[in-house]
Enquirer: 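Here you go, one structure.
Quick note: numbers below take in every heavy atom, side chains included, and nothing from hydrogens, waters or symmetry partners. Since the structure is predicted, the reported quantities are computational estimates derived from the model, not experimental observations.
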Amino acid sequence: MAALNDLLPKAAVRLDVRVADWQEAIRAAGGLLVETGATTDGYTAEMIRNVEENGPYLVIAPGFAFAHARPSPAVLRTGMSWVRLEQPVEFGHEANDPVHLVVGLAAEDSGAHTAAMAALAQLLADPATAQALQDAADTEALLAVLAGPDGERDDRGQEETVREQAGDERRAGNGRRAGDGQPVPEKAVHKILTVCGNGVGTSLFLKNTLEQVLDRWGWSPHVTVEATDTISAKGKASEAVAILTSREIARTLGEIGVPVKVVGDFTSGAEVDRILRDTYDV
């Protein structure tokens, strides 16, 4: 899996960009994907059309839009872009507007960029890091923040961390209580779906946040999380105990036979923790 530093080259970063509206903001992010050889111009149009058809669900946290579309022939390779706006613009999101940061994603498939999404979600969930990214004086300073205090980490290091966490989870699962003291389910039979319009971007952000909460609870061996798109979610709903998604996607899904929980900030562990407690009545 590609790491964050592999997918976001220096040439794909622009700071303090002036735009008139959300369409121009996405065009700025899309233009960097084109310049760095990740996409053709057609992908930028697809990202704009995604918002027009599905609403501003990609504004997944206050001030942060994660622009993307489905994998398509317009994607030449998996890549990302980063556009910090000089002045924030409205995307039409009722809770998270205005937007000052647009990250563009072009994905060849739903799996190659998983590690990068997990790393970015963790960085943006930390208020101090998020502020440092906003305050970075230049591209080099921003990339240094993204690399973290220990420098850039490769996929092998991330995968070793995942394996270590899995061992901790299995050990925690041997008791009746784990993590912050939440009762542990008896069997690993539960599935929760995180859903976005395309299944490759915002749903992965939410999946990572949910998995962090499950880790803290010690429930990771007992609850699986799958990121998926709206079409697939309707077919998989019967397998799940709940669906977590944005308000816009919840409206698209409608009534599908399982609880659909709306998350406002996809990077907020506190909000997801509250929703998980409500789902399991703990």
Enquirer: Could you check whether S72 and E46, counting side-chain N and O atoms only, form a donor-acceptor pair closer than 3.5 Å?
Expert: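 Yes, a side-chain donor-acceptor pair sits under 3.5 Å.
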Enquirer: If the condition is side-chain contact (heavy atoms from CB on, under 4.5 Å), which residues does D21 pass it with, not counting sequence neighbours?
Expert: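 Expected list: Q23, E24.
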Enquirer: So which pairs with a foot in residues 87-96 pass side chain to side chain donor-acceptor pair (under 3.5 Å), sequence neighbours left out?
Expert: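 As it turns out, the side chain to side chain donor-acceptor pair (under 3.5 Å) pairs with a partner in residues 87-96, which skip direct neighbours, are E94-R247.
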Enquirer: About how many Å separate CG of L193 and OG1 of T245, when rounded to the nearest 0.5 Å?
Expert: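 So the gap between those two atoms works out to 10.0 Å.
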Enquirer: Would you check, one step at a time, whether the test side-chain contact (heavy atoms from CB on, under 4.5 Å) holds for M47 with L33?
Expert: CA-CA 12 Å; M47 291 194 292; L33 292 173; 4.3 Å; yes
Enquirer: Can you name the residues that form a side chain to side chain donor-acceptor pair (under 3.5 Å) with S232, not counting sequence neighbours?
Expert: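 Residues passing side chain to side chain donor-acceptor pair (under 3.5 Å) with S232: D229.
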Enquirer: Tell me whether T78 contacts the main-chain N or O of E108 through its side chain, where contact means a donor paired with an acceptor under 3.5 Å.
Expert: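 Side chain of T78 to backbone of E108: a pair is present.
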Enquirer: If you measure only the distance, is there a donor-acceptor pair under 3.5 Å linking the side chains of D135 and Q131?
Expert: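 Present: a donor and an acceptor within the cut-off.
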Enquirer: Hey, does W217 have a side-chain heavy atom less than 4.5 Å from the side chain of L276?
Expert: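 Yes, their side chains come closer than 4.5 Å.
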Enquirer: Sequence neighbours excluded and cut-off under 3.5 Å, please list the side-chain donor-acceptor pairs for residues 255-267, or say none.
Expert:
residue: E255; atom: OE2; partner: G257; partner atom: N; Å: 3.0
residue: K261; atom: NZ; partner: D278; partner atom: OD2; Å: 2.6
residue: D265; atom: OD1; partner: T267; partner atom: N; Å: 2.9
residue: D265; atom: OD1; partner: T267; partner atom: OG1; Å: 2.7

Enquirer: Hey, are the side chains of H190 and W219 touching, using non-hydrogen atoms and a 4.5 Å cut-off?
Expert: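 H190 does not reach W219 side chain to side chain.
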Enquirer: Of the non-hydrogen atoms in L8 and M80, which two are nearest, and what is the gap between them?
Expert: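 It is CD1-O, 3.6 Å.
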Enquirer: I need the minimum non-hydrogen distance between P221 and G218, along with the two atoms involved.
Expert: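 Taking every non-hydrogen atom into account, CD-O, 3.6 Å.
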Enquirer: What residues form a side chain to side chain donor-acceptor pair (under 3.5 Å) with D41, not counting sequence neighbours?
Expert: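 If we apply the side chain to side chain donor-acceptor pair (under 3.5 Å) test to D41, skipping adjacent residues, there are no hits.
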Enquirer: Only counting residues at least two apart or in another chain, list the ones meeting side-chain contact (heavy atoms from CB on, under 4.5 Å) with A65.
Expert: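 side-chain contact (heavy atoms from CB on, under 4.5 Å) list for A65, sorted by chain: L58, V59, F91, V99, V102.
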Enquirer: Not counting sequence neighbours, list each pair that qualifies as a salt bridge (charged side-chain N to carboxylate O under 4.0 Å, His left out) and has a residue in residues 52-68.
Expert: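 For residues 52-68: none.
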Enquirer: Kindly work out whether a path of hydrophobic side-chain contacts (I/L/V/M/F/W/Y, heavy atoms less than 4.5 Å apart) joins L76 to Y43.
Expert: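 No.
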Enquirer: Taking the side chain as C-beta and beyond, is there a heavy-atom pair between I275 and L244 under 4.5 Å?
Expert: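 Of all side-chain heavy-atom pairs linking L244 with I275, at least one is under 4.5 Å.
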Enquirer: Tell me every residue that passes ring-ring contact (aromatic ring centres under 6.0 Å, His included) with F205, counting only those two or more places apart in sequence or in another chain.
Expert: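 With sequence neighbours excluded, F205 shows a ring-ring contact (aromatic ring centres under 6.0 Å, His included) to F64, F66, given in chain and number order.
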Enquirer: For a quick test of reading the model, state the closest non-hydrogen atom pair linking A67 to I26 and the distance between them.
Expert: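 Answer, listing the atom of A67 first, then I26: CB-CG1, 4.2 Å.
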Enquirer: Using the side-chain contact (heavy atoms from CB on, under 4.5 Å) rule, take T194 and T228 through it: C-alpha gap first, then chi angles, then the decisive distance, then the call.
Expert: CA-CA 6 Å; T194 59; T228 190; over 6 Å; no
Enquirer: Is there a donor-acceptor pair closer than 3.5 Å between any side-chain N or O of R274 and the backbone N or O of G269?
Expert: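 Judged by distance alone, no pair lies under 3.5 Å.
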Enquirer: Tell me whether V34 is reachable from V19 by hopping between hydrophobic residues (I, L, V, M, F, W, Y) whose side-chain heavy atoms are closer than 4.5 Å.
Expert: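 The answer is no; the residues belong to distinct hydrophobic clusters.
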Enquirer: Between R77 and T36, is there a side-chain heavy-atom distance shorter than 4.5 Å?
Expert: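 A side-chain contact exists here, since the closest heavy-atom pair is under 4.5 Å.
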Enquirer: Using every non-hydrogen atom in the two residues, find where A38 and G79 come nearest and quote the distance to one decimal.
Expert: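 For A38 versus G79, the nearest heavy atoms are CB-CA, 4.2 Å.
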Enquirer: Can you tell if the side chain of T129 reaches within under 4.5 Å of the side chain of L124, non-hydrogen atoms only?
Expert: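 In short, these two side chains do not touch, never coming nearer than 4.5 Å.
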Enquirer: How far does CG of L206 sit from CD of E211, to the nearest 0.5 angstrom?
Expert: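 If I round to the nearest 0.5 Å, the distance is 10.0 Å.
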Enquirer: List the atom pairs, with distances to 0.1 Å, where a side-chain N or O of residues 9-18 and a protein N or O form a donor-acceptor pair under 3.5 Å, not counting sequence neighbours.
Expert:
residue: K10; atom: NZ; partner: E140; partner atom: OE2; Å: 2.3
residue: R14; atom: NH1; partner: A11; partner atom: O; Å: 3.3
residue: R14; atom: NH2; partner: E35; partner atom: OE1; Å: 3.3
residue: D16; atom: OD1; partner: R84; partner atom: NE; Å: 3.3
residue: D16; atom: OD1; partner: R84; partner atom: NH2; Å: 3.2
residue: D16; atom: OD2; partner: R84; partner atom: NH2; Å: 3.2
residue: R18; atom: NE; partner: E86; partner atom: OE1; Å: 2.8
residue: R18; atom: NH2; partner: E86; partner atom: OE1; Å: 3.0

Enquirer: Pairs under 3.5 angstrom only: tabulate donor-acceptor contacts from the side chains of residues 236-243 to other protein residues two or more places apart or in another chain.
Expert:
residue: K236; atom: NZ; partner: E226; partner atom: OE2; Å: 2.3
residue: E239; atom: OE1; partner: K191; partner atom: NZ; Å: 2.8

Enquirer: Are any non-hydrogen side-chain atoms of V195 and S203 less than 4.5 angstrom apart?
Expert: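 Sidechains of S203 and V195: no contact.
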Enquirer: So, using side chain to side chain donor-acceptor pair (under 3.5 Å) as the criterion, who are the partners of T279 when residues are at least two apart?
Expert: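 So T279 forms no side chain to side chain donor-acceptor pair (under 3.5 Å) with any residue.
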Enquirer: According to side chain to side chain donor-acceptor pair (under 3.5 Å), who are the partners of N54, at least two apart in sequence or on a separate chain?
Expert: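 By the side chain to side chain donor-acceptor pair (under 3.5 Å) rule, N54 matches N50.
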Enquirer: How about L101 and W82: do any of their side-chain heavy atoms sit closer than 4.5 Å?
Expert: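 Contact flag for L101/W82 side chains = yes.
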Enquirer: Just so I know, are the side chains of V83 and L85 near enough to count as touching, which here means a heavy-atom distance under 4.5 Å?
Expert: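 SC-SC contact between V83 and L85 confirmed.
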Enquirer: Restricting to non-hydrogen atoms, name the atom on T202 and the atom on C196 that form the minimum distance, rounded to 0.1 Å.
Expert: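 Residues T202 and C196, closest heavy atoms: OG1-CB, 2.7 Å.
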Enquirer: If you take all heavy atoms of G201 and L105, which pair is closest and at what distance?
Expert: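 Heavy atoms only, the tightest pair is CA-CD2, 4.1 Å.
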Enquirer: Measure the CD-OG1 distance between E271 and T209 for me, rounded to the nearest 0.5 Å.
Expert: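 E271 CD to T209 OG1: 10.0 Å, rounded to 0.5 Å.
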